[in-house]
Asks: 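Would you mind keeping the following structure in view while I ask a few things?
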Amino acid sequence: MTSASPSNSGAPQRFPVVIVGAGPAGLTIGNILRAAGVDCLVLEVETREFIEQRPRAGVIEEWAVRGLQRRGLADTLLERAQLHTECEFRFAGERFRFAYGELTGQHHFVYPQPLLVTDLVREYADVRGGEIRFGVQDIELHDLETPRPSVSYTDAGTGERRLVGCEFVAGCDGARGVTRTVLPETTTIARHDYGIGWLALLAEAPPSSDCVLFGIHPNGFAGHMARSPEVTRYYLECPPGDDPENWSHDRVWAELQRRLGADGSPPLTEGRLIEKRVLDMHNYVVEPMTFGRLFLAGDSAHLTAPIAAKGMNLALHDAFLLGDALVAYLGKDDGSGLDGYSEACLRRVWDYQEFSQWLSEVYHGTSSGDEYRAGTTFARLRRLFTSPAAAAAFAEQYLGTAATY
């Protein structure tokens, strides 16, 4: 919530920037600020152990990794990440390999988000000496439309109420966080629901392919994404709001084998399912991504369903722009980056939204029950593998290099 500053919290601490949320966006912003000698405070409602283990995305585009590398945040990632240069579509009982690395000279890095968060929080808190509070409760934002906003919260260790004065607040706490609740009525939140669900699975089983697999099947979409040599991420299209308990071990593997099966391909390597949850596929975009001295980043400002594996990449893009803009303002009194922040972010956001919508039709058209959509799906797939121009355009969008930002 937002309100006038409380008068019963004692003399506040002061930091130039308070960051709400310790995910990839918030921690990247914090690291950029600390590298420039700017003090900041990160507030996180979960424990450090929780954020370092929370299962999330694992595909990072090359431009994003290079952005981390330039800021001294990618050493462990570059040592440990898998490199992917191809993906494979399976439909109509056949396999179609798509070598996007050959077309573009670029690749994806596969590095699970919990590992990246672990790297970022270690660098921020343990190496660069950044201030961070875990397990905080009842965060409130105050005076955001003034030059002296503040943030109050309940300390996890003492139960005492704390007040922190600042110049700016970075809202990086996701769609359900407090920073989304303070936006004015003039803010536009555009939302798109796909009307489908994905059963998200983690299997204690080695990957069954050296690349990402996309199964386009009348029963529904299926996806295979390596996470480590021992663990594989799978997705199965299902009804929105479905109960994961409806999917037994045997049913899951039978559907994965069916939807990802193709002539000449060996059966999938099965293993124990260590995660099952249903994701209702939807996207949203908040415009503008600012309100007074509050700047949103990551899922606080936009969501792309995992259809195109873009979410963490957008969060990093926001963080690079916002971190650099805050450094320019606080160090050089240059406000141009902050003034143009929302517009600059939203150009990439909307481009990724459009690609996600296009790719959703490819993934789900054949299972829609609509013969017209099924026909256009196969037309798109045939064009992808027969037209060099279509292949190049897809590769650029898939890697996030389709436009200049």
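This chain uses plain numbering: 1 for the first residue, then up along the sequence.
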Asks: Identify, with sequence neighbours excluded, every residue that meets ring-ring contact (aromatic ring centres under 6.0 Å, His included) alongside H108.
Replies: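 With neighbours one apart ignored, the set is Y100, Y398.
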Asks: Taking side chain to side chain contact (heavy atoms under 4.5 Å, CB included) as the criterion, tell me which of V212, T232, L213 meets it with M225.
Replies: V212
Asks: Going by the rule salt bridge (Lys or Arg N to Asp or Glu O under 4.0 Å), which residues pair with R277 if we only count those two or more places apart in sequence or in a different chain?
Replies: E275
Asks: Mind checking the CG-OH spacing from D119 to Y111? Nearest 0.5 Å is all I need.
Replies: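 One finds 3.5 Å between CG of D119 and OH of Y111.
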Asks: Once you measure the plane-to-plane angle for W63 and H317, does it fall in the parallel (<30°), tilted (30-60°) or perpendicular (>60°) bin?
Replies: perpendicular
Asks: Taking the six-membered ring for Trp, are Y235 and F221 closer than 6.0 Å centroid to centroid?
Replies: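 No; F221 has its ring centre 6.0 Å or more from that of Y235.
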Asks: Under a 4.5 Å cut-off applied to non-hydrogen side-chain atoms, are L330 and V17 in contact?
Replies: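 Yes, their side chains come closer than 4.5 Å.
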Asks: F320: which residues meet the ring-ring contact (aromatic ring centres under 6.0 Å, His included) condition with it, sequence neighbours left out?
Replies: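 If we apply the ring-ring contact (aromatic ring centres under 6.0 Å, His included) test to F320, skipping adjacent residues, there are no hits.
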Asks: Just how far is it from atom CG of N246 to atom CZ of R251, taken to the nearest 0.5 Å?
Replies: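 So the gap between those two atoms works out to 6.5 Å.
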Asks: Does the side chain of L314 come within less than 4.5 Å of R348's, by heavy atoms?
Replies: yes
Asks: For residues 302-311, pull every pair meeting salt bridge (charged side-chain N to carboxylate O under 4.0 Å, His left out), keeping only residues two or more places apart or in separate chains.
Replies: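 Listed once each, the pairs are E61-K310.
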Asks: Between R48 and D126, does at least one N-O distance fall below 4.0 Å, as a salt bridge requires?
Replies: yes
Asks: Give me each pair satisfying salt bridge (charged side-chain N to carboxylate O under 4.0 Å, His left out) with a member in residues 311-328, each pair once, sequence neighbours excluded.
Replies: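 Listed by first then second residue: R71-D324.
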Asks: Enter the distance from F291:CZ to T179:OG1 here, rounded to the nearest 0.5 Å.
Replies: 12.0 Å
Asks: For E230, check salt bridge (Lys or Arg N to Asp or Glu O under 4.0 Å) against everything at least two apart and list the hits.
Replies: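 Counting only residues at least two positions away or on another chain, E230 forms no salt bridge (Lys or Arg N to Asp or Glu O under 4.0 Å).
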Asks: Donor-acceptor pairs under 3.5 angstrom involving side-chain atoms of residues 20-33: please list them, not counting sequence neighbours.
Replies:
{"unit_1": "T28", "atom_1": "OG1", "unit_2": "P24", "atom_2": "O", "d": "2.6"}
{"unit_1": "N31", "atom_1": "OD1", "unit_2": "Y124", "atom_2": "N", "d": "3.2"}
{"unit_1": "N31", "atom_1": "ND2", "unit_2": "L27", "atom_2": "O", "d": "2.9"}
{"unit_1": "N31", "atom_1": "ND2", "unit_2": "L120", "atom_2": "O", "d": "3.1"}

Asks: Parallel, tilted or perpendicular for Y341 and F295, by the 30°/60° rule?
Replies: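 Aromatic pair Y341/F295 classed perpendicular.
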Asks: Would a 4.5 Å heavy-atom cut-off, applied to side chains only, mark I274 and L201 as touching?
Replies: no
Asks: Can you tell if the side chain of H364 reaches within under 4.5 Å of the side chain of W198, non-hydrogen atoms only?
Replies: yes
Asks: Charged N to carboxylate O below 4.0 Å: is that the case for E62 and R66?
Replies: yes
Asks: Using the ring pair (Phe, Tyr, Trp, His ring centres under 6.0 Å) rule, pick out the option among F91, F214, W358 that qualifies with Y363.
Replies: F214
Asks: Which pairs with one or both residues in residues 283-301 pass salt bridge (charged side-chain N to carboxylate O under 4.0 Å, His left out), sequence neighbours excluded?
Replies: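 Every candidate salt bridge (charged side-chain N to carboxylate O under 4.0 Å, His left out) pair involving residues 283-301 fails, so no pair, neighbours aside, qualifies.
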Asks: Who are the ring-ring contact (aromatic ring centres under 6.0 Å, His included) partners of Y234, not counting sequence neighbours?
Replies: H224, W253
Asks: Can you pull the side chain to side chain donor-acceptor pair (under 3.5 Å) pairs that have at least one residue in residues 187-197, sequence neighbours excluded?
Replies: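 Non-adjacent pairs meeting side chain to side chain donor-acceptor pair (under 3.5 Å): R191-D193, Y194-N283, Y194-S356.
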Asks: Give, for atom CG of L399 and atom OG1 of T104, the distance between the pair rounded to the nearest 0.5 Å.
Replies: 4.5 Å
Asks: Should we count CD of Q69 as having more than 12 external heavy atoms under 6.0 Å?
Replies: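 For Q69, atom CD is crowded (more than 12 foreign heavy atoms under 6.0 Å).
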Asks: Considering only NZ, NE, NH1 and NH2 on the basic side and carboxylate oxygens on the acidic side, decide whether D155 and R161 come within less than 4.0 Å.
Replies: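 Salt bridge flag = no for R161 with D155.
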Asks: Enumerate donor-acceptor pairs with a distance under 3.5 Å from any side-chain N or O in residues 76-90 to protein atoms, sequence neighbours excluded.
Replies:
{"unit_1": "E86", "atom_1": "OE1", "unit_2": "R97", "atom_2": "NE", "d": "2.9"}
{"unit_1": "E86", "atom_1": "OE1", "unit_2": "R97", "atom_2": "NH2", "d": "3.1"}
{"unit_1": "E88", "atom_1": "OE1", "unit_2": "R97", "atom_2": "NH1", "d": "3.0"}
{"unit_1": "E88", "atom_1": "OE2", "unit_2": "R90", "atom_2": "NE", "d": "2.7"}
{"unit_1": "E88", "atom_1": "OE2", "unit_2": "R90", "atom_2": "NH2", "d": "3.0"}
{"unit_1": "E88", "atom_1": "OE2", "unit_2": "R95", "atom_2": "NE", "d": "3.0"}
{"unit_1": "R90", "atom_1": "NH1", "unit_2": "L260", "atom_2": "O", "d": "2.7"}

Asks: Is the closest basic N to carboxylate O distance between R122 and E52 below 4.0 Å?
Replies: no
Asks: Who are the salt bridge (Lys or Arg N to Asp or Glu O under 4.0 Å) partners of E343, not counting sequence neighbours?
Replies: R347
Asks: Checking S367 against N219 for the side-chain hydrogen bond (donor to acceptor under 3.5 Å, both in side chains) test, could you report, in this order, the C-alpha distance in whole Å, the side-chain angles of both residues, the deciding distance, and whether it holds?
Replies: CA-CA 6 Å; S367 61; N219 283 20; over 6 Å; no
Asks: Which atom names give the shortest non-hydrogen contact between P16 and D39, and what distance separates them?
Replies: CD-O, 3.1 Å
